[in-house]
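The structure under discussion appears below in the form of structure tokens.
Treat the numbers as computed from the prediction; the structure is a model and nothing was measured.
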Amino acid sequence: MNSNQLNYIRTEEKKYHEQYFEENSLFEKGTWLEKPSPIVLDFLSILNSLKPLQILDLGCGVGRNSIPIARKVKDSGGHVVCVDLLEKALEKLAVYAEEYKVDSAITVQCADISDYTIEAATFDYIVAASSLEHVKSKSNLNKVLRALVKGTKASGINLICMNTNIKEFTLPSGDERQPLFEILIAKDDMLSILRDAYRGWEELHVGEGLLNLEVNRNEIPVMLKADHLIYVARKPSGSFL
């Protein structure tokens, strides 16, 4: 993908998300912001909640997962670092964090996750929910996965939710169009990449689901279809890297 294609995709994705976040509130019924991803909270619960957990939410948006996580870890001194490329999303997240009284447990950082630096053995739990399909390239994808592995503490957990086999169709005609995503990859190929990246870790969960979501592409209604891959793994307890 050349730089012009990348810039076009990112411009259109920015338009869609910023418009969606303006028109819909966090936890609003009938939207995809209505609830956190249940599996994100399920695997958070198996970590030691008595210690102050350090958590990274990559591609956090307005806090659909970050704020519920912060509510669960705040009392034990836990902290959530929330990273996203969209400044307006982070501004709304900061407002919501105050509204839900978790602002002391949240740090927001505006960054492209393709280039985001993670210090070694920093986080107990890393969540990348519908964000890795937006890194710049497949080579960047592998670089980010290496950073996640290195940045996780011993016995820490990584949870990745990623859309694969992505297709887009113009409505109402149903004509297939070019998907506006940086990473277009088959589900089985992505699972192989994940298993290679997390070799030696304990595989806790592999799941999948079908995504059917109507989105707005420059005022054109589009149906987005994908296979939603979920991968969860835990770093060995004796690992120092």
Side-chain angles (χ1 to χ4, degrees), residues 36-61 63-84 90 93 97 102 104-109 111-135 140-162 183 190-208 228-241:
S37 176
I39 198 167
V40 169
L41 299 183
D42 289 345
F43 281 97
L44 173 66
S45 69
I46 74 173
L47 291 164
N48 182 2
S49 60
L50 298 179
K51 70 175 184 177
L53 298 174
Q54 299 301 309
I55 297 150
L56 175 63
D57 185 0
L58 280 179
C60 58
R64 172 176 169 244
N65 292 312
S66 306
I67 287 177
I69 290 172
R71 294 174 80 175
K72 288 187 174 294
V73 304
K74 177 187 172 186
D75 290 345
S76 60
H79 200 86
V80 188
V81 176
C82 305
V83 178
D84 204 283
L90 294 176
L93 190 156
V102 293
S104 63
I106 281 180
T107 297
V108 299
Q109 296 184 359
D112 184 339
I113 64 174
S114 303
D115 307 311
Y116 183 67
T117 299
I118 305 172
E119 298 297 329
T122 300
F123 295 102
D124 300 285
Y125 192 34
I126 298 179
V127 175
S130 301
S131 58
L132 294 187
E133 55 268 49
H134 295 294
V135 300
N140 275 110
L141 175 62
N142 288 312
K143 183 185 79 169
V144 171
L145 290 173
R146 290 193 296 272
L148 300 189
V149 168
K150 185 178 179 181
T152 306
K153 295 179 183 179
S155 300
I157 292 174
N158 282 191
L159 185 150
I160 292 168
C161 304
M162 183 170 175
I183 301 295
M190 188 63 216
L191 182 57
S192 294
I193 288 172
L194 289 169
R195 283 180 163 156
D196 184 58
Y198 289 97
R199 186 178 289 117
W201 288 40
E202 178 187 2
E203 192 171 272
L204 298 178
H205 178 82
V206 178
E208 61 182 272
H228 193 64
L229 176 64
I230 303 171
Y231 187 83
V232 189
R234 175 157 42 189
K235 198 169 194 177
S237 59
S239 178
F240 297 99
L241 297 175

Side chain to side chain contact (heavy atoms under 4.5 Å, CB included) evaluation trace for D115 with K143: CA-CA 9 Å; D115 307 311; K143 183 185 79 169; 3.6 Å; yes
Side chain to side chain contact (heavy atoms under 4.5 Å, CB included) evaluation trace for Q109 with C82: CA-CA 6 Å; Q109 296 184 359; C82 305; over 6 Å; no
Working for side chain to side chain donor-acceptor pair (under 3.5 Å), residues S66 and D57: CA-CA 7 Å; S66 306; D57 185 0; 2.5 Å; yes
Residue pair L229, L191: steps toward the side chain to side chain contact (heavy atoms under 4.5 Å, CB included) verdict: CA-CA 8 Å; L229 176 64; L191 182 57; 4.3 Å; yes
Intermediate values then yes/no, side chain to side chain contact (heavy atoms under 4.5 Å, CB included), L44 and V73: CA-CA 9 Å; L44 173 66; V73 304; 4.1 Å; yes
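Taking CG of D124 as the reference point, atom CG of L47 lies at 6.5 Å (rounded to 0.5 Å). The distance from the OG atom of S155 to the CD atom of E202 is 9.5 Å, given to the nearest 0.5 Å. Note that the OG atom of S114 and the NE2 atom of H134 stand 10.5 Å from one another [nearest 0.5 Å]. Within the model, atoms CZ of F123 and OG1 of T152 stand 9.0 Å from one another, a figure rounded to the nearest 0.5 Å. The line from CG of N158 to CG of L204 is 10.0 Å long, rounded to the nearest 0.5 Å. Going from atom OG of S237 over to atom NZ of K153 covers 15.0 Å, rounded to the nearest 0.5 Å.
The shortest side-chain heavy-atom distance between T107 and H79 falls under the 4.5 Å cut-off. Counting only heavy atoms from C-beta outward, the side chains of V206 and V232 never approach each other to under 4.5 Å. When side chains are defined from C-beta on, Y116 counts as touching V81, because their heavy atoms get closer than 4.5 Å. The closest side-chain heavy-atom distance from K72 to L41 is below 4.5 Å. The shortest side-chain heavy-atom distance between H205 and F43 falls under the 4.5 Å cut-off. The side-chain heavy atoms of M162 and S130, taken from C-beta on, include no pair separated by under 4.5 Å. Two residues are said to be in side-chain contact when any heavy atoms from C-beta on lie closer than 4.5 Å; Y198 and L145 meet this criterion.
Of the possible polar contacts, none joining the S76 side chain to the P52 backbone as a donor-acceptor pair under 3.5 Å is found. Remark: the backbone N or O of V40 is paired with a side-chain donor or acceptor of Y125 at under 3.5 angstrom. When atom types are taken as modelled, the side chain of K150 and the backbone of A121 share no donor-acceptor pair closer than 3.5 angstrom.
Paired with R146 under the rule side chain to side chain contact (heavy atoms under 4.5 Å, CB included), one option of V149, L148, N142 passes, and it is N142. A side chain to side chain contact (heavy atoms under 4.5 Å, CB included) with L132 is found for exactly one of I113, I193, N140, I183, namely I113. When each of R234, K235, R195 is checked for a salt bridge (charged side-chain N to carboxylate O under 4.0 Å, His left out) with E203, only R195 meets the rule.
Taking all atoms of both residues into account, the shortest heavy-atom contact from N65 to A129 is ND2-CB, 3.9 Å. Summarising the geometry of P236 relative to G200, their closest heavy-atom pair is CG-O, 3.2 Å, with the distance given to 0.1 Å. In plain terms, the two heavy atoms of A105 and A70 that are nearest each other are CB-CB, 4.3 Å. For the pair S131 and L58, the tightest heavy-atom approach, listed with the atom from each and the gap, is OG-O, 3.0 Å. C60 and L93 get closest at one heavy-atom pair: SG-CD1, 3.8 Å. Nearest heavy atom pair, residue I106 against residue A97, reads CD1-CB, 4.1 Å.
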